[in-house]
2 protein chains.
Amino acid sequence: MADDVREALEQMIVTGEFADGERLDENRLADRFHVSRTPLREAFQMLAASGLVELLPRRGAFVRHPAFHEMVEMFEVMAELEAVCGRLAARRVTPEVLARIRATVIACEAAVAAGDTDGYYRENEHFHQLIYTASGNDFLAAEARRLHKRLQPFRRMQLRVRGRMLQSLTEHRQILTALEAGDSTGAEATLRDHVAVQGAKFNDLMASYKQSNLRANPQPVALRG
Amino acid sequence: MADDVREALEQMIVTGEFADGERLDENRLADRFHVSRTPLREAFQMLAASGLVELLPRRGAFVRHPAFHEMVEMFEVMAELEAVCGRLAARRVTPEVLARIRATVIACEAAVAAGDTDGYYRENEHFHQLIYTASGNDFLAAEARRLHKRLQPFRRMQLRVRGRMLQSLTEHRQILTALEAGDSTGAEATLRDHVAVQGAKFNDLMASYKQSNLRANPQPVALRG
DNA sequence: GTCAAACTTTTTGTATACAAGATTTCGATT
DNA sequence: AATCGAAATCTTGTATACAAAAAGTTTGAC
């Protein structure tokens with residue numbers, strides 16, 4: 001029950017239903033979800049653990065959208081984590097996982113050919129999840145998945161850009177080639193560039209950030225109404 | 001209050017007062033700490049968020065010590081995170097932070113000269129915290145600190161080994177040199193090797209793991225009393 | 001003696017009650 | 001009219017109450 005509430009709130013937050021710094025009203029939300037404050041507060045704590053809200057003692061739970069520079073920092077870490085996954089995967093990937101990666105690349109090609117953006121998005125997700133698995137380090141994979149999930153709402157912004165899908169596919173192919181060749185340096189570099197927000201991607205991301213409703217409020221949380 | 005309880009439980013867990021898989025009894029602990037179950041359960045959730053306990057629905061909170069292979073995986077990630085910090089720091093470190101890193105290396109030298117293990121441990125902590133800061137990426141620094149803290153009880157095992165302190169100091173010097181030279185590749189490689197558990201360090205760690213009371217129970221959590 | 005089903009006891013999860021801290025309102029003062 | 005402070009109101013944090021699920025125990029059949 002507490003987990004259902006967390007799920008619902010998480011959805012509401014990442015779809016921008018709350019402004020940055022907005023306080024989550026325990027009584028109002030308890031009414032809304034037909035639960036008492038107890039499971040609601042549990043949900044708040046879970047959201048705080050994943051960084052979606054900030055808990056200020058005796059003040060309440062405040063939703064926290066990342067500032068642009070924080071988003072860039074998170075993407076930088078994501079790029080490095082995936083680069084590490086790639087480097088390790090080049091040495092450790094099992095034939096089974098490699099085959100599944102190959103399959104997603106083929107599915108991605110099909111999606112591009114069909115102009116199926118949603119399909120591409122889905123297969124792209126699989127591709128990255130498999131890279132994490134391929135690292136052979138479950139802890140690394142779990143950390144990568146955690147950050148990947150956290151960045152999901154912002155990644156959505158990115159992939160709609162024209163031509164991005166095709167470029168992404170090309171990079172997937174290069175990554176696959178590197179993994180097949182056991183080329184750890186190549187896999188690392190290609191994955192880093194694939195995920196990193198730089199060059200044109202930086203500007204695209206900035207543009208969509210400014211349009212989104214997941215923008216941070218420049219005022220510090222503690223001083224807001 | 002909930003946070004005090006979390007603090008206390010965290011201490012008890014990392015000092016091995018509970019066996020792996022042991023259930024944390026809400027009523028008993030509520031009595032022990034003179035609090036009600038409400039803040040206690042909050043503490044459980046926080047501990048679950050940092051991976052120290054596992055929450056099984058309708059079953060309770062079970063302490064979770066990492067298996068040896070999980071510990072190795074965590075150290076591998078730590079090594080990679082610090083390597084990234086080092087690479088970025090070589091390009092981004094500010095003169096102020098660099099000066100403070102230099103100071104810790106000098107303090108480490110003094111500690112080695114005096115045979116002051118505790119002093120070395122303290123300065124070593126500062127050194128690594130500063131490396132995180134030097135990365136210029138606050139999110140990366142926060143993630144590195146989180147994992148660093150999680151590994152603290154296991155790192156304690158490591159540094160007592162004879163000769164380790166001197167080798168560690170030598171590596172600190174090399175890292176500092178690389179940072180001063182703006183040598184990102186050097187800083188990255190040196191830091192990775194410094195933190196990585198490999199060669200003799202692997203065997204040392206395994207030996208102390210086996211002796212510690214933070215060992216995992218081979219039986220899966222769900223099947224334990 | 002073993003197994004299983006029914007019953008009893010614990011234990012968890014949620015709701016509610018209440019006290020202490022934060023916020024707002026409103027009036028008095030400059 | 002603006003500002004400060006006290007009273008009133010709201011909100012959070014903790015304790016307690018209660019229902020439902022899990023664990024443990026007893027009883028009965030074979």
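For the numbers below, each heavy atom of this structure counts, side chains included, while hydrogens, waters and symmetry mates do not. In what follows, chains are A, B, ... by sequence order, proteins preceding strands, each numbered from 1.
A/Gln11 is linked by a side-chain contact (heavy atoms from CB on, under 4.5 Å) to A/Val14, A/Thr15, counting only residues two or more places apart in sequence or in another chain. With sequence neighbours excluded, the residues that form a side chain to side chain donor-acceptor pair (under 3.5 Å) with B/Arg102 are B/Glu180. Applying the side-chain contact (heavy atoms from CB on, under 4.5 Å) criterion to B/Asp3, with sequence neighbours excluded, gives B/Arg6, B/Met46. In this structure, A/Asn213 has no side chain to side chain donor-acceptor pair (under 3.5 Å) partners at least two apart in sequence or on a different chain. When the side chain to side chain donor-acceptor pair (under 3.5 Å) test is applied to A/Thr133, the partners found at least two apart in sequence or on another chain are A/Arg145.
End-to-end axis angle for the helix from C/dG1-D/dC30 to C/dT30-D/dA1, using five pairs per end and rounding to 10°, comes out at 0°.
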Per-nucleotide protein contact along nucleotides 12-22 of chain D, 5' to 3', at a 4.0 Å heavy-atom cut-off (B base, S sugar-phosphate only, - neither), is BBBBBB---SS
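Rounded to whole Å, the distance from CZ on B/Arg28 to P on C/dT10 is 15 Å. Spacing between atom CZ of B/Phe44 and atom P of C/dT12 amounts to 8 Å, rounded to whole angstrom units.
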Could you pull out all donor-acceptor pairs under 3.5 Å where a side-chain atom in residues 38-45 of chain B meets a protein atom, sequence neighbours excluded?
from    : atom 1 : to      : atom 2 : distance (Å)
B/Arg41 : NH1    : B/Glu26 : OE2    : 3.0
B/Arg41 : NH2    : A/Glu42 : OE2    : 3.4
B/Glu42 : OE2    : A/Arg41 : NH2    : 3.4

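Identified under the side chain to side chain donor-acceptor pair (under 3.5 Å) test for residues 73-87 of chain A, with sequence neighbours left out: A/Glu76-B/Arg92, A/Glu76-B/Asn137, A/Glu80-A/Arg192, A/Glu80-B/Arg87, A/Glu82-A/His128, A/Glu82-A/Tyr132, A/Arg87-A/Glu188, A/Arg87-B/Glu80.
Closest heavy-atom contact between B/Asn124 and B/Ser168: OD1-OG, 4.2 Å.
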